[in-house]
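Quick note on labels: first sequence line is chain A, next is B, and so on, each numbered from 1.
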Amino acid sequence: MLTEQEKKEIEEEVKHYPYPGVACLDALKIVQAHRGWVADDAVRDIADLLDISSEKVDGVATFYTRIYRKPVGRHVILICDSISCMIMGYEPVYKHISAKLGIHFGETTADNRFTLLPITCLGNCDQAPAMMIDNDLFNMITIENIDQIFEKYE
Amino acid sequence: MEKPLTKHIKPDGSQLNLKNFVQDGGYEPVRKVLKGMSPAEVIDVVVASNLLGRGGGGFSAGKKWSFVTTDKEREPSRYLICNADEMEPGTFKDRMLMEENPHQLIAGMIISSYAIQADKSYIFLRWAYKKSETVLRKAIAEAYEAGFLGKNILGSGYDLELYLHTSAGRYICGEETGLINSLEGKRATPRDKPPFPAISGLFGKPTVVNNVETLSCVPHIIENGADWFRSISLTGEGGTKLYGVSGRVKNPGIWELPLGATMREIIEQHAGGMMDGYKFRGALPGGASTDFIIEEHMDIPLDFASLVPVGSRLGTGTLIILDDKTCPVAFLHNLEKFFAKESCGWCTPCREGLPWVEKILESIENGTGKEKDIETLKFHTWYCGPGHTFCAHAPGAMEPLQSGLKYFHDDFMQHINEKHCPWRS
């Protein structure tokens, strides 16, 4: 069941569009903002609310990388693995993080603190390698400064 | 040297607020257009300025606008969309324009919307650009407050709404019809063309999609005229360009230079040359989907026309440098992995071809590649190339590969013959 708050926020988006189905991606983002990820029942509930098929909602949900169809940790670490960050050495930093947290790309730590994912070019190529944690951007990450960065995310 | 795009920006790069921008005369071109120019006159000036699309396509912005009908009886509404989904690997120019001078973009959008008589406009912003989002939300609110957006702008009778839309990831959203589908809440699969968006775009209405840098040029063209815009470039293509450099150079960054600056000037004068101990081997001139240029191309003007005869293109104008301590096979493997991952999966050559290319490059990099693999890669540069796919994604992916195979053939053969990567110990 969608909460009253979720429904209210989705219906607010629907008002801006010529037909309700346009709000599909907005609805997925709203549910994820409240719950951290989008489960099967939420896909069905969004479909009912917007009067489109649940297959269509799932097609949209699975297309976009920033909609999570599996649970994620309290914080999501996104490491840029694109070309400029490769040249400037994201790989040793990734290996350090992976060993430190005991997880690879696509996995979540046992204590549910971090999920580790790769991300396409963050547009900080002149200050590579780059990384995001939740909504925060970090430039010129090194093996030396990672521990300090992680301290802020409990 | 004139630098219209960056002249308002504060030295510390902090956001220009509405007051600063108005004091600098930044909104005067909007006033000039709404008070005294017809939409057709605006289009004529922009066509004459030879403003070419800065997102990488290089198509005349004014001509793109001219394809839209302004016959309100036939078609009552039209849309302008700003493509701010900057996600081309190695590209970081639109971020600067949005974070440091958001009102210049808004002014450009008002004028461009007026030219096609759009009543609604959108900024399609990449989700990861959190600072741009904060800055733009504030700037849009300020522009509404001051009467530059909304009903009856500056008493002219012209109405325009501007919405900020943040995306949910995927490179293919930068393809203009994929972007339109995404804005409609669908998968960002590109659409069949024709009809082009100018005829049938967002919600089936005439739509123009322009890049952030393109739209940011527009107020300056209105303020100073088409002849001025053409005069500030070094070649026949109008205007300045934000050129960038990333990789192993001393001073990576972004600079506004006259269109047609050379790679030598950009790397040596602005980026400070290569880092000590590193040698230049080649560069992608405008993001991941452009062909390599090498040492012999150092003095070619980097504009839309001059790079075509040497088999490349300007793209986004942000150079990615390949140095001698980076393996060219690993470089290409990284690029093709990106393209394979970001394929929307709609058409077979792209969905199946790109992962195959990636696997072959991986095997060569790991020392298990065969000489025949080179032929398979060359076949793919044709098979996934222009005319064989639904959109420009796979052909773009093949550009660095085809030129990489040409310029770095010996490096490929060394991997195959020695059965390991010479760059790995």
Side-chain angles (χ1 to χ4, degrees), chain A residues 10 13-14 16-29 32 38 46 50 52 56-68 78 80-91 117-132 134-137 139-140, chain B residues 86-96 126-132 163 165-173 182-189 203-204 244-249 251-254 271 284 287-288 318 320-323 325-326 330-331 334-335 337-338 341-342 344-345 400:
Chain A
I10 294 168
E13 293 297 326
V14 169
H16 301 148
Y17 299 123
Y19 46 94
V22 179
C24 179
L25 193 47
D26 298 301
L28 289 162
K29 282 156 99 175
Q32 183 164 295
V38 181
I46 289 170
L50 300 180
I52 50 179
K56 191 178 169 199
V57 177
D58 204 22
V60 171
T62 52
F63 187 87
Y64 294 96
T65 46
R66 294 281 71 76
I67 300 295
Y68 302 131
L78 300 162
C80 174
D81 66 351
S82 291
I83 188 65
S84 303
C85 286
M86 185 205 98
I87 297 168
M88 300 309 286
Y90 89 84
E91 279 159 297
L117 294 171
I119 181 79
T120 293
C121 186
L122 285 168
N124 274 272
C125 318
D126 55 343
Q127 297 174 74
M131 171 181 80
M132 271 180 98
D134 303 334
N135 289 337
D136 306 328
L137 178 68
N139 298 319
M140 295 196 261
Chain B
E86 184 165 71
M87 205 168 163
E88 179 78 20
T91 301
F92 50 106
K93 63 182 183 68
D94 295 340
R95 173 196 280 277
M96 182 185 96
R126 184 173 181 204
W127 69 273
Y129 279 17
K130 299 295 178 190
K131 188 177 170 194
S132 300
Y163 304 105
H165 172 94
T166 53
S167 76
R170 293 309 290 270
Y171 174 71
I172 201 65
C173 292
S182 185
L183 208 48
E184 291 186 5
K186 300 171 184 161
R187 291 166 75 96
T189 307
F203 306 124
V245 177
S246 66
R248 298 274 181 196
V249 292
N251 176 31
I254 290 275
L284 304 179
T318 41
I320 308 165
I321 311 295
L322 171 67
D323 61 79
K325 294 206 167 69
T326 299
F331 187 104
N334 177 283
L335 295 178
K337 190 175 173 183
F338 152 75
K341 202 162 64 175
E342 293 293 350
C344 82

Portion of [X] that has a non-hydrogen atom of chain A nearer than 4.5 angstrom:
X        : answer
B/Asp323 : side chain
B/Lys341 : side chain
B/Arg95  : side chain
B/Ile172 : side chain
B/Phe331 : both
B/Thr326 : side chain
B/Tyr129 : side chain

Hits for side chain to side chain donor-acceptor pair (under 3.5 Å) against A/Thr120, two or more places apart or cross-chain, chain-then-number order -> B/Glu342
Partner residues of B/Lys337 under the salt bridge (Lys or Arg N to Asp or Glu O under 4.0 Å) criterion, sequence neighbours left out: none
For chain A, which of B/Ala288, B/Ala188, B/Cys173, B/Ser182 has the most heavy-atom pairs under 4.5 Å? B/Ala188
Please rank B/Lys186, B/Met87, B/Glu86, B/Arg126 by heavy-atom pairs under 4.5 Å with chain A and give me the top one. B/Arg126
In Å and rounded to the nearest 0.5 Å, what is the [atom1] to [atom2] distance from [X] to [Y]?
X        : Y        : atom1 : atom2 : result
B/Phe338 : A/Met86  : CZ    : CE    : 14.5 Å
A/Ser84  : B/Phe92  : OG    : CZ    : 7.0 Å
A/Asp136 : B/Lys130 : CG    : NZ    : 10.0 Å
A/Ile83  : B/Ile321 : CD1   : CD1   : 11.5 Å

Part of A/Leu28 within contact of chain B (heavy atom distance under 4.5 Å): neither
What part of A/Met88 is in contact with chain B, defined as an atom under 4.5 angstrom from a non-hydrogen atom: side chain, backbone, both or neither? both
When you compare the side chain of A/Phe63 with that of B/Cys344, does any pair of heavy atoms fall below 4.5 Å? yes
Using a cut-off of under 4.5 Å for heavy-atom pairs, which of A/Leu25, A/Val22, A/Ile119 has the most such pairs with chain B? A/Val22
Top residue by heavy-atom pair count (under 4.5 Å) with chain B, among A/Val60, A/Leu50, A/Ile67? A/Val60
Please give me the minimum heavy-atom distance between [X] and [Y], naming the atom from each residue.
X        : Y        : result
A/Asp126 : B/Pro252 : O-CG, 3.4 Å
A/Ser82  : B/Asn334 : C-OD1, 3.6 Å
A/Cys24  : B/Gly185 : CB-O, 3.6 Å

